[in-house]
Asker: 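One structure is given below, represented as structure tokens, and several questions about it will come after.
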Amino acid sequence: GQNIDQPTEMTATEGAIVQINCTYQTSGFNGLFWYQQHAGEAPTFLSYNVLDGLEEKGRFSSFLSRSKGYSYLLLKELQMKDSASYLCAVMGSSNTGKLIFGQGTTLQVKP
Amino acid sequence: AAGVIQSPRHLIKEKRETATLKCYPIPRHDTVYWYQQGPGQDPQFLISFYEKMQSDKGSIPDRFSAQQFSDYHSELNMSSLELGDSALYFCASSKTSGIEQYFGPGTRLTVT
């Protein structure tokens, strides 16, 4: 079966660092994605990992360990506008690009 | 830069009615995906098209059908609407099942 787990909610302080974890069990693996979604809006692409290791993109970094079925999204220098849901998604064995999403982590950034 | 366009943005229908949702992908993107996101839920994959052919199918009810036209736009047709069909419907596009899927703003369907 397909299973992607993330914490439901997290709270952090403006200027701090937060790590959002994601574990997955899927039939096949062709990459892991992180999306940001503000309430009622479309998901926007943040990062993509297909090989083990850390990918850095400005204030956002994403890590992948395929052997552990584990990824995290690291957000640095948090800003109030980072309050949103963060969706972990896996592209499974199908080569059609279909994404399987986790339930999302709602991050609240407080002053 | 051009983005994915979806229409209408909001749609209110009654039970047992039909609805048609439209998606216009980013120019030169040949792959279109449809996702359904219920309140407080994660997006669920419905169906995808590559070069006007269905490429994958997810948890799409038999009451729904979709197609991709020669200009690459796609339409999701929903019949015999049920209250549980109320959701945000996102369309995404990519280049040849590429890495990054660009999501449209979504159509919010409310079934009363």
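Reminder, nothing fancy here: chain letters follow the sequence lines and each chain counts from 1.
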Asker: Identify the heavy atoms of A:G102 and B:D42 that sit nearest to each other, and give their distance.
Answerer: O-CB, 2.8 Å
Asker: Check A:A42 against B:G104 and note the closest heavy-atom contact, atom names and distance.
Answerer: CB-O, 2.8 Å
Asker: For B:S55 and A:T96, which heavy atoms make the closest approach, and how far apart are they?
Answerer: O-CG2, 3.2 Å
Asker: Under a 4.5 Å heavy-atom cut-off, does chain A meet the side chain of B:P105, its backbone, both or neither?
Answerer: backbone
Asker: For B:Q6, which atoms come within 4.5 Å of any heavy atom of chain A: side chain, backbone, both, or neither?
Answerer: neither
Asker: Is the number of heavy atoms from other residues, nucleotides or ligands under 6.0 Å of B:I12 CD1 greater than 12?
Answerer: no
Asker: Take atom NZ of B:K52 as the centre, draw a 6.0 Å sphere, and report whether it contains more than 12 heavy atoms from other residues, nucleotides or ligands.
Answerer: yes
Asker: What do you reckon, is NZ of A:K57 surrounded by more than 12 foreign heavy atoms closer than 6.0 Å?
Answerer: yes
Asker: Does atom CG of B:D71 have more than 12 heavy-atom neighbours, drawn from other residues, nucleotides or ligands, at distances under 6.0 Å?
Answerer: yes
Asker: Side chain, backbone, both or neither: which part of B:Y102 has a non-hydrogen atom closer than 4.5 Å to chain A?
Answerer: neither
Asker: Under 4.5 Å heavy-atom distance to chain B, tell me which part of A:L99 shows up: side chain, backbone, both or neither.
Answerer: both
Asker: Nearest 0.5 Å, please: how far is CZ in A:F45 from CZ in B:F103?
Answerer: 11.0 Å
Asker: Shorter than 4.5 Å, heavy atoms on both sides: which option in A:G40, A:G104, A:P43, A:S85 has the most such pairs with chain B?
Answerer: A:P43
Asker: Shared ILVMFWY cluster between A:M91 and A:L64, side chains joined below 4.5 angstrom?
Answerer: no
Asker: Heavy-atom count check: over 12 atoms from other residues, nucleotides or ligands less than 6.0 Å from A:M80 CE?
Answerer: yes
Asker: Of the non-hydrogen atoms in B:Q101 and A:Y35, which two are nearest, and what is the gap between them?
Answerer: O-OH, 3.2 Å
Asker: To check you understand the geometry: which heavy-atom pair defines the closest contact between B:F45 and A:K98, and what is its length?
Answerer: CD2-CD, 3.0 Å
Asker: Using the rule that two of Ile, Leu, Val, Met, Phe, Trp, Tyr join whenever any of their side-chain heavy atoms come within less than 4.5 Å, decide whether A:I20 and A:L46 are in one cluster.
Answerer: yes
Asker: Answer yes or no: does atom CD of A:Q19 have more than 12 heavy-atom neighbours from other residues, nucleotides or ligands under 6.0 Å?
Answerer: yes
